[in-house]
Each structure stands twice: as C-alpha cells, then as structure tokens.
Amino acid sequence: MPTSRFQIGDTVMGRWPGSNLYYEVKVLSYDNKTLLYTVIYKDGTELELKESDITSLTIFKQGVARSRSRSRSRSPGRPRRSRSRSPARTSRRSSSRTTDVRKEKLKEVLEVRLTPVPMTHENNSNSKNEKKEENNTANTASTITEEKTETESENQAGGRYNLRRRKDQGDGKTVELEQKTETEVLTQTKPPTAIKTTDLEFGGRVGVFFLMFLLPVAVLALHILCGQKDASLQSFPLEIPSLQSLWDWQVFGIVLLWLLFQAVLSLLPVGKLVEGMPLKNGKTLKYRINGFYALLLTAVAVGVAVYQEVDLSYIHAHFLQFYTSALLIVTLLSVYLFVRSRWASEDELAPGGNSGYIIYDFFMGRELNPCIKNFDIKFFCEMRPGLMGWVLINFAMLQAEMKHQNLENPSPAMLLVNIFQLLWVVDGFWHEEKLLTMMDIVYDGFGFMLTFGDLTFVPFTFTCQAYYLVSHPNELSVFWIITLITMNGVGYYIFRKANSQKFAFRKNPSDPAVSHLKTIPTATGKSLIVSGLWGWVRHPNYLGDIIMGLAWSLPCGFNHLIPYFYLIYLFTLLVHRNARDECQCRKKYGSAWEEYCKAVPYRIFPGIY
Ligand SMILES: NC(=O)C1=CN([C@@H]2O[C@H](COP(=O)(O)OP(=O)(O)OC[C@H]3O[C@@H](n4cnc5c(N)ncnc54)[C@H](OP(=O)(O)O)[C@@H]3O)[C@@H](O)[C@H]2O)C=CC1
Ligand SMILES: CC(C)CCC[C@@H](C)[C@H]1CC=C2C3=C(CC[C@@]21C)[C@@]1(C)CC[C@H](O)C(C)(C)[C@@H]1CC3
C-alpha cells in the first residue's frame, strides 16, 4: 500500500504543467491508485501532480539558495543558460542548433503539450522580456528557471512529462503524456501519438457535410443577387445562369496564372526571414515576410496592365466564371491536401482535424502546415492570392462602374469602399508577421474550410459591396461621406490600437508604450491586460473590425440587405471566434481568466455581456 510523502493541508511547491515554474500550492488529496496529488494553486487552479513534481518548501528554498550561489560563482564569461516554458522563446534561436539546444527544445515542446491548449499567441518574446512578464507574478510564483544548471535540468527531465490536469476540461483532447525519460524521448523512432479530435465543431460530421455544399452555393447565390437588377432577397432565384455560362477556360488560365504570380512573389528574397511558432516536433518553419513588397509589385503590374489598356472590367463581366474556376482549384487543392496528409507524421497533424471521420477531417484539415519544401501552402493561401485578389477585384469593379454608368470618375460610394478595404488589406500586409501567431496558423488544419475561405470566400464575398455598386448606384451626401470616413477611422483606430497593444505587451510588457497598463497575473507567468481598450471590452479588436465592416456596407445604402453580407458574416464569425477563444483562455488561465471576466464583463460590445 503506497503511502504519501505529503499530507492533506500541507503547503508545498508544485510545478506548473509545461513549465519549470514552481508555485506555492496546498495539498487537497492523494489518490492511492494513481499516486497523484490533487493540489490547489493560489489562483484557485486545481491540478493533479506526481510526487516528483512536488517539493517541500524547505527543500525548495535550499535548492534555490544553492543554485543562486552556484550561478554567482559561475565565470562571468560563461553565458547563463535560461530555460523557458514558453514555446515562443525558442523562435529567436539561431538556426544552427547544437544537439543540446535541440534536446532542450524537444523537452520544451513536450512540456508545452501538457498545457491544456496546444497553442500560444505569444510571439518572439526573448528571455529578458519573458522574465519581465514573469516578474509581474512575483507575488504568487517562485521561479528557479534562471538558476538551473544543465545537469539539474536534465536530471529532472525524466519526471517532468506526466503532470496531469485534474479535470479533463471537456475538450475531449488528451492532455496526458506517458512518463518518459529524456533519453527515451530522444531515441524513440516514432513520434508521440497525435491528439485525437473527439470534440467536433460545426455540428460534427453532418454539419460539415452540409456546410461543404451550402457554402459554395451561398456564395453563388450572393453573386447572382448582387449582379441582378433587383437584388432583393425575395426575388431569388430569378436569373439562374446556364451551366455553360459558368465555365471559361481562359478565365481558368488567368486564375492559375494569378496563383503562380503570387507564389513567385512570395518566394522573392526580399523582406525579413522569421521563424514561425515551434511545431510539435520541435522544428520551426521559416517564413519570408514580403507581403507588403508583393502588394506593391502587384500594384505596379496592375498599373502597367491598365496603362497598356487592359480592360479590367473583364473581371466583372466574367465574375461567375472566375468564381467557379477558383472553386474548382479549391476542391482539387483540398483533395490534394487530404491525400498528402496520409503521409504526414502524426506530429504534423492539427489537433482539430484528426477525428478519423473522412468528411469531417477533409473539411477541417488534417495537416497543420502542409509544406512543399520550404513553401508553407497554408500561410501563402491565407494572405496572398485572396487578399490581393480582393483589392484587384474591387479595382476592377470600380472600372466596371465607370464603364456601365458612363462616369468620368468613380462614384464616392465606390471610392470609399475601395479605399476603406485597401487600407485594411495594406494594414494586414504591413503586420503580416503577426499572422504567424494567430489561431488559424498555429492551431487550425488546412482543409476545405480554410482553402475555400482564403481562395474563394475572401475574394468573392468581401468584394460584394463593390460588385453591388456597379449596377446599384447610391448617391452619398457630404454629411454621409464624412460620417462614413469618421466611422471607418474610429473602427480602424480601435482595431489597430488593440492588436498592436496586445502584440507589444506579449513581446515586452515593460515596453514604455504598454508598461502603464494594469494587468492581472496568471499562473502561467503571462499577464492579462485589464485597462485601456482591453479593460473596456474583452475583444476590442473584434469591435473595431465590426465597426469598419459597417462603414464598408453603409455606402451601398439601405435598399437591399445583400451588401450587408460581409457585416453579417463578420459578426457571426467573430462572435463564434470570441466564444472559441474565451474557452481556450479559460483553460489556459483558470481563475485569472474568471477574474478578468469579472473586471471586464463585456465580451465585444460595451454594455452587452
Ligand atoms: N475580417 C475577418 O474575416 C477576420 C478578422 N480577424 C481579425 O484578426 C484579429 C486577430 O484576431 P484573433 O487572432 O482571433 O484574436 P486576438 O488577436 O484577439 O487573440 C486572442 C488572444 O489574445 C490573448 N488575450 C486575450 N485577452 C487578453 C488580454 N486582456 N490581455 C492580453 N492578452 C489577451 C489571448 O492569447 P494569449 O494570452 O495566449 O496571448 C487570446 O487567446 C482581430 O482584429 C480580428 O478582428 C479575425 C478573423 C477574421
Ligand atoms: C465561412 C468561411 C469558410 C469562413 C472563412 C473564414 C476566413 C475567410 C477568415 C478566417 C480568418 C481570417 C483572417 C483573415 C482573412 C480571412 C480569414 C482567412 C486575415 C488574414 C485578413 C488580413 C487581416 O489583417 C488579418 C487580421 C491578418 C486576418 C486574420 C484572420
């Protein structure tokens, strides 16, 4: 009969899963069967820990004192080796790695896997920055991170991997790893088993099956409605196009050339090379951040084409054919992605697209970062052809409007829609690097949903206001123009300020631009901003985006609902995304998140819970 070393009620130091940080915890109970202690952290989080992840207060203090004196006596020339629990930190490391560093990285990755959510948005923080943020939690946490010597770290490694969350948070994803010594981990030939997706989104298999047909049909319906004289929803379906009119080989060729052109631009050796977030296998992919240059070069190419009297209104005249061509490419690409994922190692699979159900996994995407050599197909599709295509199509609609309505200059409504959306796209490319830390890149697989979203949904629905205005002119008074410019400006300010503030804070909380902000410390060492925009609502960046979305639709007037499609989509997507993100934050930050929710009760809209 095993006996426990620590007693119920004892205050001891417990390791936080996925880290080298020790916190003061209270022992709540001991399970003789699993040999696990249930402990409660000061922030209220309850976890199950192994005995080897618990140490008594006295031994812990002696250990810290010993390692401090050791670090003091270290020769000044020898670099201090600091270990991180953050996957982001590793992204700054030199690409020529030593075996030691690789080992350490693998350990970190394994540690990170123990965290309830296999992702982090923290980006490129260096050890100094991270340390600063940890200091925010100094009142609750003690860290031996900096003081650890290599031998100590490695000795400890053996017992580090099976910290277990006390409660499965209901996400159905495995958060437990078998205990392995570091040597076992490094010499194993097979990567650890991938997390199986059991918690299905979007209504599961049946839901995604219908979505897969509904989405393309909905976009088609939107086109038909936007393009026909009477764009009211009641008049649907009026002008159903013949099957023949949906296809044109020349258009298909143009779409292929566009994709190729954007792919070549993305490979140009201009712009900085940055490392993405560490993958499960410990590797990081390198990305060339040259989207802004690619946008400029695309603008030059389009300028030259217009100068050569290429009639861009061709895009308007063949809009449906462009859509069907893109849809065919999306379908073929999704099949390719699904088939190639059969050869992907389990480690390369996305946590959300590995249910074992073909339809579901095809839709959600099995592989996280499908690459051809160094070319990350997902990262490319997410930003390049769709976003650039959006701006190009808008411009083509502007030309089509002048042609169809015999105008010498584009209408103010068309100009506003073009300028507002161009500003957003330029902003996206200017901050392209930040995309690397987003949920879509770090967490979601690349399947039909994202390929469809990136290559057809973005260019063919985000352009619906401009498409609508070609055949539905709307006069705008000066008052309206000023109101819309102000609205877009306010939305953009909130969107940009909130995103930049969070990014700067995650990078370096002591940055003078953000150091004045009030924060709530969390047990993970990261803090949550609780003042300024992030103290107003819990997702101010979404609010800014929605205000902009409204300013993009209002220029089309109030005659029809159809130009408000983007706003309705954005609202639905961001409300769903907010719920998804909050669920993950609750798991990541436990009671600190609850405290944040109490301090900032509104989700996206001020005054609305
Ligand atoms: N137009 C469109 O189609 C779409 C636009 N977008 C836009 O993209 C942008 C990014 O969106 P998205 O990635 O979804 O979400 P966020 O940029 O809001 O990222 C959410 C993460 O931020 C961190 N966080 C949350 N609250 C706080 C806080 N108080 N203090 C510090 N960190 C906090 C958490 O991660 P951690 O703590 O781990 O850092 C959380 O997981 C938004 O502006 C959105 O509007 C997004 C989707 C579609
Ligand atoms: C119902 C559809 C299939 C859903 C598709 C959703 C996608 C179109 C969007 C999901 C998140 C996106 C983002 C951008 C584009 C649209 C998609 C892919 C974004 C890259 C655009 C540029 C911005 O600056 C951004 C903030 C980086 C956006 C991030 C999210």
Side-chain angles (χ1 to χ4, degrees), residues 86 88 115 117 119-123 125 133 202 211-212 214-216 218-219 291 330 363 378-379 381-384 386-387 390 421 424-444 448-459 461-462 491 494-496 498-506 509 514 517-520 522 524 526-546 548-549 552 566-567 569-574 576-578 580-589 592-593 596-597 599-600 604:
S86 159
T115 59
V117 183
M119 62 172 284
T120 171
H121 290 262
E122 192 173 28
N123 184 45
S125 63
E133 192 162 345
F202 302 109
L211 269 180
M212 216 144 53
L214 235 131
L215 282 171
V219 177
V330 162
F363 184 82
K378 181 165 81 171
F379 186 68
C381 289
E382 187 90 349
M383 290 290 276
R384 302 305 179 86
L387 281 189
W390 174 12
Q421 299 188 344
W424 198 77
V425 172
V426 170
D427 175 273
F429 283 116
W430 189 254
H431 297 99
E432 188 182 16
E433 189 181 343
K434 294 176 190 166
L435 186 75
L436 291 172
T437 61
M438 282 183 62
M439 208 193 281
D440 313 63
I441 296 293
V442 182
Y443 186 79
D444 293 335
F448 182 84
M449 183 178 75
L450 272 187
T451 40
F452 178 80
D454 295 339
L455 302 181
T456 52
F457 201 79
V458 170
T461 68
F462 288 18
I494 299 175
F495 163 83
R496 178 56 23 235
N499 279 328
S500 295
Q501 220 169 45
K502 180 169 66 77
F503 190 76
F505 180 76
R506 282 281 172 259
V514 287
L517 294 169
K518 285 191 197 135
T519 57
I520 294 181
T522 78
T524 65
K526 281 191 196 176
S527 304
L528 294 165
I529 309 170
V530 74
S531 68
L533 287 174
W534 293 90
W536 185 36
V537 290
R538 297 205 292 271
H539 256 120
N541 47 354
Y542 289 2
L543 175 67
D545 227 352
I546 291 172
M548 278 190 283
W552 299 354
Y566 175 77
L567 185 65
Y569 142 79
L570 189 69
F571 180 84
T572 317
L573 181 101
L574 294 183
H576 175 253
R577 211 170 157 98
N578 175 72
R580 213 175 161 206
D581 188 52
E582 294 224 348
C583 182
Q584 291 180 348
C585 285
R586 193 158 285 120
K587 286 177 202 164
K588 257 189 285 185
Y589 300 128
W593 184 258
Y596 177 51
C597 292
V600 186
I604 302 178

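Note that ligands are numbered from 1 as they come in the structure, with each ligand's atoms numbered from 1 the same way. Just so you know, these numbers come straight off a predicted model, no measurement behind them.
Selection from L528, I441, V514 by nearest heavy atom to atom 27 (C) of ligand 1 gives L528. Considering each of Y566, W593, Y596, Y542, the one bringing a non-hydrogen atom nearest atom 14 (O) of ligand 1 is Y542. Compare K502, R577, Q501 by their heavy atoms: the one nearest to atom 23 (C) of ligand 1 is in K502. With V426, L455, D454 as candidates, the residue nearest to atom 18 (C) of ligand 2 on a non-hydrogen basis is D454. For atom 10 (C) of ligand 2, the nearest non-hydrogen atom from the set N499, L215, D440, V458 belongs to D440.
For a threshold of 3.5 Å applied to N or O pairs, the pair formed by F495 and ligand 1 contains no separation below that value. The shortest N/O to N/O separation between R538 and ligand 1 does not fall below 3.5 Å. Ligand 1 has no N or O atom lying under 3.5 Å from any N or O atom of S527, backbone or side chain.
Atoms of ligand 2 lying under 4.0 Å from any heavy atom of M438, numbered from 1 in the order shown and given with element: 29 (C), 30 (C). Numbered from 1 in the order shown, with element, the atoms of ligand 1 that lie under 4.0 Å from a heavy atom of Y569 read 2 (C), 3 (O). Atoms of ligand 1 found under 4.0 Å from any heavy atom of D545, numbered from 1 in the order shown, are 1 (N), 5 (C), 6 (N), 7 (C), 44 (C), 45 (O). Residue M449 approaches ligand 2 through these ligand atoms, each under 4.0 Å from one of its heavy atoms: 3 (C). For ligand 2, the atoms lying closer than 4.0 Å to a non-hydrogen atom of G428 are 24 (O). Ligand-side atoms of ligand 2 in range of L435: 20 (C), 27 (C), range being under 4.0 angstrom from any heavy atom. Set against the non-hydrogen atoms of M383, the atoms of ligand 2 under 4.0 Å away are 20 (C). For ligand 1 and C585, the ligand atoms under 4.0 Å from any heavy atom of the residue are 34 (C), 40 (C), 41 (O). Taking every heavy atom of G453 and a limit of under 4.0 angstrom, the matching atoms of ligand 2 come to 5 (C), 8 (C).
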task: Check step by step if ring pair (Phe, Tyr, Trp, His ring centres under 6.0 Å) holds for F462 and Y569.
output: CA-CA 10 Å; F462 288 18; Y569 142 79; 5.4 Å; yes

- request: Applying salt bridge (Lys or Arg N to Asp or Glu O under 4.0 Å), run through D545 and R577 and close with a yes or a no.
  value: CA-CA 13 Å; D545 227 352; R577 211 170 157 98; over 6 Å; no

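With a 4.0 Å heavy-atom cut-off, ligand 1 is reached by the side chain of L570 but not by its N, CA, C or O. Residue contacts with ligand 2, taken as heavy atom pairs separated by less than 4.0 Å, involve L387 solely via side-chain atoms from C-beta onward. Residue I529 touches ligand 1 through backbone and side chain together, judged by heavy-atom distances below 4.0 Å. Proximity of W424 to ligand 1, defined as any heavy-atom pair under 4.0 Å, is confined to the side chain (atoms from C-beta onward). Of the heavy atoms in H431, none comes closer than 4.0 Å to ligand 2. Within the 4.0 Å heavy-atom criterion, neither part of V600 lies near ligand 1. The part of K526 lying near ligand 1 is the side chain, judged by heavy-atom distances below 4.0 Å. Counting heavy atoms closer than 4.0 Å to ligand 1, residue Y443 contributes nothing at all.
Here the rule is side-chain contact (heavy atoms from CB on, under 4.5 Å) with W534, and of T519, N541, L528 only N541 fits it.
Taking the six-membered ring where the residue is Trp, W552 and W424 present perpendicular rings, their angle passing 60° and hence far from 30°.
Distances from ligand 1 to the non-hydrogen atoms of F505 include no value under 4.0 Å. Heavy-atom distances between R506 and ligand 1 reach below 4.0 Å in at least one pair.
The protein heavy-atom contact nearest to atom 6 (C) of ligand 2 is Y569 OH, 3.8 Å. Nearest protein heavy-atom neighbour of atom 25 (C) of ligand 2: W424 CH2, 4.4 Å.
You'll find the side chain of Y443 stays beyond 4.5 Å of the side chain of M438, heavy atoms only.
Using a 4.0 Å threshold on non-hydrogen atoms, atom 14 (C) of ligand 2 does not count as touching the protein.
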